[in-house]
Amino acid sequence: MEMQEANQGSEVSPNQTIYINNLNEKVKLDELKKSLNAVFSQFGKILEVLAFKTLKHKGQAWVVFDNADSASTAIAKMNDFPFYDKRMRIQYAKTKSDVVAKADGTFVPREKRKRQEEKGGKKKKDQHHDSTQMGMAMNSAYPGVYGTAPPLSQVPYPGGVKPILPEAPAPPNNILFVQNLPHETTPMVLQMLFCQYQGFKEVRMVEAKPGIAFVEFADEMQSTVAMQALQGFKIQQNQMLITYAKK
DNA sequence: AGCACA
């Protein structure tokens, strides 16, 4: 019995923050953060999502959970998940997030990125900015999202998607009718899911009727592929029910 | 490729 795990070089020790790269750099920051929030909130409460557009940090993001288990699950289930046509690469973040450190009481302002190496003297002269509390959670602030689904190819995801095959009374149509969506679901979220399939054209939602959407493809072969792939996909607690739209 | 806290 070897207790030696194959801890290869690039591993980082568990952290409640995950570091994501290989993100699609064309996506606007605000949308990116919202979508990440949407996708990852299924694994636990999210304290913060950070992303930057500087050269050095493009295509990367940090998602801060309120505990490390959520982060672990998120990595296990979402690493390599296709997201805006690219596969997310996810690891634990290398260091503790500020929002966590502030809650900890271990926060050190980053102007002076000094290590704490005082051996006998404490300096308390600096302003303790304790007034920050964790009330900044954006968990309920963001609209609907995903379970985990098998979009592009082999998504490393065991259980979860239970394709319900509804009797489709409507004949094939290049437009799909999606039902049972959480009311907060945004077109953007649906677009992210459906745009992975060939022939995707657009998502339309009806403000007056929350919970449903129309998704248009170039032809009905393509809409059929998307329908079968995403049938029963979970957005928050809800399984999408997809049928052909009535003509 | 790239691990920060606008």
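Because the structure is a prediction, the values reported are computed rather than measured. Here is how names work: the chains are called A, B, and so on, in the same order as the sequence lines, proteins then strands, and each is numbered from 1.
Between A/F43 and A/F65, the two ring planes are perpendicular [angle over 60°; tilted spans 30° to 60°].
Comparing A/K53 and A/K58 by the nucleotide of DNA chain B that holds the closest heavy atom to each, the one mapping nearer the 5' end is A/K58. Map A/N22 and A/A51 each onto its nearest nucleotide of DNA chain B; the residue landing nearer the 5' end is A/N22.
Atom CZ of A/F107 is separated from atom P of B/dA4 by 14 Å (rounded to the nearest Å). Atom NZ of A/K28 is separated from atom C1' of B/dA6 by 19 Å (rounded to the nearest Å). Atom CG in A/D98 sits about 17 Å away from atom P in B/dC3, given to the nearest Å. Across the protein-nucleic acid pair, A/W62 atom CH2 and B/dA6 atom P stand 12 Å apart, rounded to whole Å. Note: CG (A/L23) to C1' (B/dA1) measures 13 Å, nearest angstrom. We find that CG of A/L50 is positioned 16 Å from C1' of B/dG2, with the value rounded to whole Å. Rounding to whole angstrom units, CD of residue A/Q16 and C1' of B/dC5 are separated by 14 Å. We find that CD1 of A/I18 is positioned 16 Å from P of B/dC3, with the value rounded to whole Å.
One finds a side-chain N or O of A/R110 lying less than 4.0 angstrom from the OP1 or OP2 phosphate oxygen of B/dA6. In this model, the phosphate group of B/dA4 is not approached by any side-chain N or O of A/K94 to a distance below 4.0 Å at OP1 or OP2. Taking only side-chain nitrogens and oxygens, A/H57 comes nearer than 4.0 Å to OP1 or OP2 of B/dA4.
In A/K247, the NZ atom is crowded: over 12 heavy atoms of neighbouring residues, nucleotides or ligands sit closer than 6.0 Å. Within a 6.0 Å radius of CD in A/Q198, no more than 12 heavy atoms belonging to other residues, nucleotides or ligands are found.
Across all strands, A/L29 comes closer than 4.0 Å to base atoms (heavy-atom distances).
By the 5.5 angstrom centroid cut-off and the 30-degree plane limit, A/F52 is classified as not stacked against the base of B/dA6.
Counting heavy atoms from C-beta outward, A/I46 and A/V64 have side chains that stay 4.5 Å or more apart.
When each of B/dG2, B/dA6, B/dC5 is scored by its nearest atom to the side-chain atoms of A/S97, the top-ranked nucleotide is B/dC5.
Counting only N and O atoms by type, the side chains of A/K86 and A/N22 include a donor and acceptor under 3.5 Å apart.
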